[in-house]
Amino acid sequence: MAVHRRLQLTEVGDVSVVRFVDRKILDEANIQELGQELFQLIEEEDRKSLLLNFSSVEFLSSAALGKLITLDKKVKAHGGKLKLSNIRPEIYEVFAITKLNKLFDIKDDEADALASF
Amino acid sequence: MIPSELAAGHEILEELLSRLKAENWTARDLFGIRLALEEAVVNAIKHGNRLDRTKQVHVVFESTEEKIYVRVADQGLGFCPEDVPDCTDAAHIGCPNGRGIMLMRNYMTRVEYNDAGNVVVMEKLRETVAGS
């Protein structure tokens, strides 16, 4: 299994649960690295059920949103499912402003998200 | 004046935000200001100056009791903000780029570009002032 620097990965049944190492997902180099690590889960490790738990994330930029959108496309192309959970209100507002709350399947907490796969 | 390096951009943002924190801006205001400044400075460095280290980004920042004023100028060719597709349209929702300006407009009270599109001016009224 690949080494991950920007994310922490746990397995709950068939679901790969991802938590983010960075509280602020801002730095361009970190975002590139994060994107590669997320894409690898789908493209190289062939994971089908991915849950991104945002509990540690306090801030993210539009560049990070772009990576999530690309991830969503890759997951769908591989016939998988992507869900997001534990997004704090101010971050959820960013998703709502950009209407990405309609694109992504967002659940309140990890338990809700896991039950919905 | 900062060089066209993203690390330099983040340094100046942290400095400005510490100043606003000391001036007792609310956490909600600080979140929006951080986001708008981040997007404006990164746009100037990455899309304006195209990470060309021979070019610089000029940031003017003023704060008063009621509002902040920011002017971010790059040395790039500029762009037309109206040409950026609306990513909230169903046709563009899957586009990975183009949300930065939308977020700036949402979190700041005023966002205006010059005709060339290489200078952006933003203002934000304090939450208590904006809501009163």
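The sequence lines fix the lettering, A, B, ..., with proteins before strands; numbering per chain opens at 1.
- When heavy atoms are compared at a cutoff of 4.5 Å, N97(B) does not approach chain A at all.
- V17(A) and I87(A) are not part of a single hydrophobic cluster, where members link through side-chain heavy atoms under 4.5 Å apart.
- Remark: D52(B) CG is packed, more than 12 non-hydrogen atoms of other residues, nucleotides or ligands lying under 6.0 Å away.
- When the shell of 6.0 Å around CZ of R88(A) is examined, it contains more than 12 heavy atoms from other residues, nucleotides or ligands.
- Only the side chain of R28(B) comes within contact range of chain A, judged by heavy atoms closer than 4.5 Å.
- Of the two parts of D72(A), neither the backbone nor the side chain holds a non-hydrogen atom closer than 4.5 Å to a non-hydrogen atom of chain B.
- In this structure, I69(A) and I93(B) approach most closely via the heavy-atom pair CD1-O, 4.3 Å.
- Within the 4.5 Å cutoff, no side-chain heavy atoms of R99(B) are placed close to those of V94(A).
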May I have the step-by-step check of side-chain contact (heavy atoms from CB on, under 4.5 Å) for K99(A) and D89(B), ending in yes or no?
-> CA-CA 9 Å; K99(A) 302 244 169 80; D89(B) 274 357; over 6 Å; no

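- For K67(B), the NZ atom sits in a loose shell: 12 or fewer heavy atoms of surrounding residues, nucleotides or ligands are nearer than 6.0 Å.
- Counting heavy atoms from C-beta on, the side chains of K24(A) and E38(B) never come closer than 4.5 Å.
- Atom CG of L30(B) sits in a crowded spot, with more than 12 heavy atoms from other residues, nucleotides or ligands closer than 6.0 Å.
- Each of V119(B) and I45(B) belongs to its own hydrophobic cluster when Ile, Leu, Val, Met, Phe, Trp and Tyr are linked at side-chain heavy-atom distances under 4.5 angstrom.
- V21(A) and V18(A) are not part of a single hydrophobic cluster, where members link through side-chain heavy atoms under 4.5 Å apart.
- By the criterion of side-chain heavy atoms lying less than 4.5 angstrom apart, applied directly or through intervening Ile, Leu, Val, Met, Phe, Trp or Tyr residues, F117(A) is not grouped with F54(A); the two fall into different hydrophobic clusters.
- Among L103(A), L65(A), L100(A), the residue with the largest count of heavy-atom pairs under 4.5 Å with chain B is L100(A).
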Test side-chain contact (heavy atoms from CB on, under 4.5 Å) on K102(A) and T88(B) and set out the steps.
-> CA-CA 10 Å; K102(A) 309 283 181 201; T88(B) 58; over 6 Å; no

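- Summarising the local packing, CZ of R19(B) is surrounded by more than 12 heavy atoms from other residues, nucleotides or ligands at distances under 6.0 Å.
- Closest of all the heavy-atom pairs between E90(A) and Y107(B) is O-OH, 4.0 Å.
- Pairing each heavy atom of L35(B) with each of L60(A), the nearest pair is CD1-O, 3.4 Å.
- Judged by distance alone, with hydrogens and angles left aside, the side-chain atoms of E39(B) form a donor-acceptor pair with the main-chain N or O of S62(A) at under 3.5 Å.
- Using a distance-only test at 3.5 Å, with no hydrogens or angles considered, a donor-acceptor pair links the side chain of K73(A) to the main chain of G94(B).
- Looking at K46(B) and E28(A), a side-chain N of the basic residue comes within less than 4.0 Å of a carboxylate O on the acidic one, giving a salt bridge.
- Proximity to chain B is limited to the backbone of E58(A), based on heavy atoms less than 4.5 angstrom apart.
- Both F104(A) and V57(A) are assigned to one and the same hydrophobic cluster, defined by single-linkage of ILVMFWY side chains at heavy-atom distances under 4.5 Å.
- Contacts between I97(A) and chain B at a heavy-atom distance below 4.5 Å involve backbone atoms as well as side-chain atoms.
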